[in-house]
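Heads up: the structure comes next, in structure tokens.
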Amino acid sequence: MQSLLPVALLLPLLLVPLALLARRRRGRRTPPLRLLVVAGSGGHTTEILRLLSCLSESYSPRHYIFADSDKMSEAKIRSFEQKRAETFSNSQFTLDRIPRSREVRQSWTSSVVTTLYSLLYSIPLTYRLKPDLILCNGPGTCVPVCISALLLRLLGIKRTIIVYVESICRVETLSLSGKILYYFSDYFIVQWPDLKEKYPKSVYLGRIV
Amino acid sequence: MKSVFVTVGTTSFDDLIATVCSPAALQVLQSRGYQKLVLQVGRGELKPAVRGSPALAVEAFRFKDSLAEDLRRADLVISHAGAGSCLETLEEGKPLIVVTNEKLMNNHQLELAKQLHRDGHVLYCNCSTLVETLQSMDLSTLKPYPPGQPEKFALFLDQVVGFQ
């Protein structure tokens with residue numbers, strides 16, 4: 001445990017300069033875009049499905065990833081996709097689970113260990129899916145998934161756009177995932193003006209869920 | 001039949017369930033004309049220590065795939081401060097009392113409840129002030145909640161990926 005800790009702490013530090021380097025080029029993409037959606041427990045999945053509700057079918061296939069301990073997201077996602085298939089006949093989606101990277105209120109040090117464990121799953125999964133775009137909105141699961149995408153970017157394997165939308169319940173402060181991904185995402189969207197003031201690099205579009 | 005729906009989302013919030021089922025709360029609900037109390041207890045204790053009475057029927061369950069029907073049937077919703085629960089309720093146009101869970105450390109959910117309250121969309125309190133809130137509430141003062149606009153997000157995304 002002791003020897004893991006310095007490694008665990010070094011990893012995000014290594015990623016910061018490299019991720020900043022990788023952010024410069026933002027090319028135009030052509031449809032269809034392969035979309036990876038990180039779903040989460042409680043309201044996170046509901047919010048993210050609302051975000052998806054107005055997207056055109058150019059964002060397809062949609063690959064959903066959520067934590068293995070999440071019981072509710074699968075049903076919500078299937079219901080959403082079923083409705084979607086009524087409008088768009090070629091609609092495609094997949095579902096994958098990875099170990100939960102952090103339980104609510106889990107301690108910081110043990111969270112680093114469980115996140116590293118989730119990485120063992122998220123890296124090969126993200127490599128297999130090679131998404132053009134990742135959309136996430138705050139559950140701990142998005143951290144290992146986004147780190148995996150950044151790794152693929154560093155290795156020149158895939159240039160994924162990372163879009164983070166902070167939950168509507170964050171009015172004055174960011175979530176832990178938000179505080180981390182503010183630096184690693186390509187677009188960081190907040191839904192209340194106070195946050196836009198505190199985090200000037202964020203994007204404010206008003207309430208979007 | 002005027003009914004109250006209590007929801008804790010995917011959490012457990014036994015303090016809220018216990019407070020709503022306390023004799024004082026049941027008394028107030030009855031006096032304000034409610035005849036039915038439906039409790040969605042989530043991960044908490046399923047059997048709250050209360051029996052219904054002829055004047056006030058009580059039902060309880062843990063989860064359903066969708067709470068839409070329960071929300072539609074309710075005349076008043078009492079909810080924990082989860083975003084999904086609050087938004088779903090407001091979008092059904094139902095009066096909402098948000099009860100914050102003081103046992104949650106770093107209770108970030110307070111931020112949304114406070115903001116919705118500031119904007120006049122919900123009443124908000126904690127377990128110890130719920131009964132007096134129920135006693136004095138004037139639901140006609142609550143303002144309708146305009147829905148969010150995911151189409152703005154779709155437009156933004158189309159622009160950043162270069163589809164536009």
Side-chain angles (χ1 to χ4, degrees), chain A residues 26-33 35 41-56 58-59 70-73 75-76 78-79 104-105 132-133 135 137-138 161 163 165 167-176 178 186-187 189 191-192 194-195 203-209, chain B residues 7-13 42-43 62-68 79-91 98 100-101 103-119 121 145-164:
Chain A
R26 283 174 196 181
R28 175 176 281 262
R29 307 288 177 110
T30 54
L33 280 202
L35 179 59
S41 52
H44 289 289
T45 295
T46 304
E47 283 194 48
I48 213 150
L49 293 177
R50 285 173 186 218
L51 288 173
L52 294 177
S53 63
C54 295
L55 293 186
S56 72
S58 303
Y59 299 88
D70 181 341
K71 306 269 180 268
M72 307 288 280
S73 292
K76 287 185 189 167
R78 285 193 187 280
S79 167
V104 178
R105 286 174 271 167
D132 296 300
L133 187 78
L135 178 61
N137 71 346
I161 302 174
V163 177
V165 181
S167 166
I168 194 168
C169 56
R170 290 303 186 154
V171 179
E172 289 159 28
T173 62
L174 290 188
S175 61
L176 180 57
D186 294 292
Y187 299 96
I189 301 171
Q191 302 194 54
W192 298 95
D194 272 0
L195 286 176
V203 174
Y204 173 64
L205 302 168
R207 276 196 282 115
I208 50 177
V209 300
Chain B
T7 173
V8 306
T10 56
T11 68
S12 84
F13 191 0
R43 286 189 272 150
R62 283 194 184 285
F63 298 107
K64 285 184 185 166
D65 281 344
S66 167
L67 297 177
S79 168
H80 78 131
S85 303
C86 291
L87 297 181
E88 258 197 273
T89 304
L90 289 174
E91 284 158 8
V98 180
T100 57
N101 188 347
K103 290 198 175 144
L104 285 181
M105 276 182 44
N106 304 317
N107 193 356
H108 71 267
Q109 289 181 357
L110 280 179
E111 294 177 23
L112 180 65
K114 278 191 205 157
Q115 186 66 41
L116 290 173
H117 177 64
R118 251 181 247 136
D119 294 343
H121 301 303
Y145 175 80
Q149 295 171 284
E151 58 271 20
K152 286 192 177 165
F153 173 70
L155 194 67
F156 171 78
L157 211 59
D158 283 347
Q159 285 167 346
V160 307
V161 303
F163 281 174
Q164 295 267 320

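Below, chains carry the letters A, B, ... as their sequence lines are ordered, and counting in each starts from 1.
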In short, Phe163(B) meets Ser58(A) closest at the heavy-atom pair CE1-CB, 3.4 Å
Is there side-chain contact between Lys71(A) and Phe63(B), with heavy atoms separated by less than 4.5 Å? no
Tell me every residue that passes side-chain contact (heavy atoms from CB on, under 4.5 Å) with Gln149(B), counting only those two or more places apart in sequence or in another chain. Glu151(B), Lys152(B)
Side chains of Leu157(B) and Leu133(A) in contact at under 4.5 Å (non-hydrogen atoms): yes
To the nearest 0.5 Å, what is the distance between CG on Asp65(B) and CZ on Arg78(A)? 12.5 Å
Plane angle bin for Tyr187(A) and Phe156(B) - parallel if under 30°, tilted between 30 and 60°, otherwise perpendicular: perpendicular
Which of Gly82(B), Ala154(B), Pro150(B) touches chain A most, by non-hydrogen pairs under 4.5 Å: Pro150(B)
Please classify the contact between Pro147(B) and chain A as side chain, backbone, both or neither, with a heavy-atom cut-off of under 4.5 Å. backbone
Counting only heavy atoms closer than 4.5 Å, note whether Glu91(B) contacts chain A via side chain, backbone, both or neither. side chain
Test of understanding: with side-chain contact (heavy atoms from CB on, under 4.5 Å), list the residues that count as partners of Ser79(A), not counting sequence neighbours. Lys83(A)
Does any part of the side chain of Phe153(B), heavy atoms only, come nearer than 4.5 Å to the side chain of Val163(A), both counted from C-beta? yes
Side chain Glu111(B), main chain Thr173(A), donor-acceptor under 3.5 Å: yes
Region of Leu52(A) that comes under 4.5 Å of a non-hydrogen atom in chain B: neither
Interface moiety of Glu47(A) toward chain B, non-hydrogen atoms closer than 4.5 Å: side chain
Validation row: Val171(A), Lys114(B) side chains within 4.5 angstrom (heavy atoms): no
Quick one: do Glu88(B) and Lys76(A) make a salt bridge, cutoff under 4.0 Å? no
Against chain B, work out which of Ala75(A), Pro31(A), Ser56(A), Ser53(A) has the most heavy-atom pairs shorter than 4.5 Å and name it. Pro31(A)
